[in-house]
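Contents: one structure, followed by commentary.
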Amino acid sequence: MAVLDAGPLKSKAVVADAFALYALATEHTDPAEEIRASVGRGRLTVTVSALAVATASGMRTCWDEYCSRNHRPDVATLVRRLCAGPGVEVVEMDLNASIAAGRLYASSSAVRVEGPEVLAGCHSALMAQELSCRVLTVARAAYCYTSPAVRELGCRLMLL
């Protein structure tokens with residue numbers, strides 16, 4: 001089962017999903033600004049999958065229906081800038097990991113949890129398991145981690 005860890009960030013590394021990457025790149029919330037500053041100062045390493053980069057680059061909003069902040073039109077540029085900077089590592093998954101992520105996605109699809117953000121979340125969950133760290137995400141994205149197969153991974157989620 002995915003475990004929500006809302007406590008303070010004590011680790012030196014996290015895997016960011018597409019929603020968290022959007023928030024970090026656009027500095028969309030105060031916590032996102034703080035975490036981005038930690039990344040810039042070398043206090044935290046953020047690992048993202050290439051699929052999360054693609055998904056975040058295509059997001060026009062944060063998807064939070066209660067959000068009252070402005071949404072920037074230049075998200076892809078901001079994502080590129082963040083990913084090219086210090087403290088962010090973009091990882092392309094190998095064939096076996098990609099197949100494993102596809103299987104996780106099939107489990108999600110079977111319960112009607114679908115979309116590019118869900119597939120990117122499957123990649124993020126697998127990467128976090130491999131790296132023994134948490135998935136940085138936002139509350140709105142929790143549905144990406146609800147399928148039985150993803151829950152069985154036991155990934156830990158940290159909310160921005």
- Item | Straight-line distance of Phe19 CZ to Leu160 CG, nearest 0.5 Å | 12.0 Å
- Answer yes or no: is there a side-chain heavy-atom contact under 4.5 Å between Thr146 and Val150? no
- Task: Measure the shortest side-chain to side-chain distance between Val14 and Thr47 over non-hydrogen atoms and say whether it is less than 4.5 angstrom.
- Result: no
- Which heavy-atom pair separates Cys83 from Val90 by the least distance, and what is that distance? CB-CG2, 3.8 Å
- Item | Minimum heavy-atom distance between Ser108 and Cys122, given as atom pair plus value | OG-SG, 4.3 Å
- Query: Leu119, Val111: one ILVMFWY side-chain cluster at the under-4.5 Å cut-off?
  - Reply: yes
- Query: Just how far is it from atom OG1 of Thr29 to atom CZ of Arg36, taken to the nearest 0.5 Å?
  - Reply: 12.0 Å
- Please test Ser49 against Val91 for side chain to side chain contact (heavy atoms under 4.5 Å, CB included), starting from the C-alpha separation and ending with a verdict. CA-CA 5 Å; Ser49 73; Val91 176; 5.8 Å; no
- Message: Closer than 3.5 angstrom, by distance alone: can the side chain of Tyr105 be matched with the main-chain N or O of Gly115 as a donor-acceptor pair?
- Response: yes
- Query: Counting only heavy atoms not in Glu33, do more than 12 fall under 6.0 Å of its CD?
  - Reply: yes
- Mind checking side chain to side chain donor-acceptor pair (under 3.5 Å) for Ser109 and listing every partner two or more places apart, or none if nothing turns up? Glu114
- Query: Are any non-hydrogen side-chain atoms of Leu136 and Leu24 less than 4.5 angstrom apart?
  - Reply: yes
- Residue list, ring-ring contact (aromatic ring centres under 6.0 Å, His included) with His28, at least two apart or on another chain: Tyr22, His71
- Message: Let me confirm one number: the CE-CD1 distance from Met158 to Ile35, rounded to the nearest 0.5 Å.
- Response: 4.5 Å
- Query: Can you name the closest pair of heavy atoms from Gly40 and Pro86 and give their distance?
  - Reply: O-CG, 4.4 Å
- Testing Leu82, Leu21, Val15 for side chain to side chain contact (heavy atoms under 4.5 Å, CB included) with Val48, which one passes? Leu21
- Query: Could you give all pairs that pass the salt bridge (charged side-chain N to carboxylate O under 4.0 Å, His left out) test and reach residues 77-99, with sequence neighbours left out?
  - Reply: none
- Message: Could you measure the distance from the OG1 atom of Thr26 to the CG atom of Leu78? Nearest 0.5 Å is fine.
- Response: 7.0 Å
- Note on the structure: Minimal heavy-atom distance between Ala52 and Ala16, with the atoms involved, is CB-O, 4.2 Å
- Task: Kindly give the heavy-atom pair with the smallest separation between Leu126 and Met93, and that separation in Å.
- Result: CB-CE, 4.1 Å
- Item | Same cluster (ILVMFWY, side-chain, under 4.5 Å), Val88 and Met59 | yes
- Measuring from Arg156:CZ to Cys133:SG, what's the distance to the nearest 0.5 Å? 7.5 Å
- Closest non-hydrogen atoms of Tyr143 and Val113, given as atom of the first, atom of the second and distance, are O-CG1, 3.4 Å
- Query: Thr55 side chain to Ala120 main-chain N or O, any donor-acceptor pair under 3.5 Å?
  - Reply: no
- Query: According to a 4.5 Å side-chain heavy-atom criterion applied to Ile, Leu, Val, Met, Phe, Trp and Tyr, with indirect links allowed, do Val75 and Val39 form part of one hydrophobic cluster?
  - Reply: yes
- Item | Point-to-point distance, once rounded to the nearest 0.5 Å, from NZ of Lys12 to OG of Ser38 | 9.5 Å
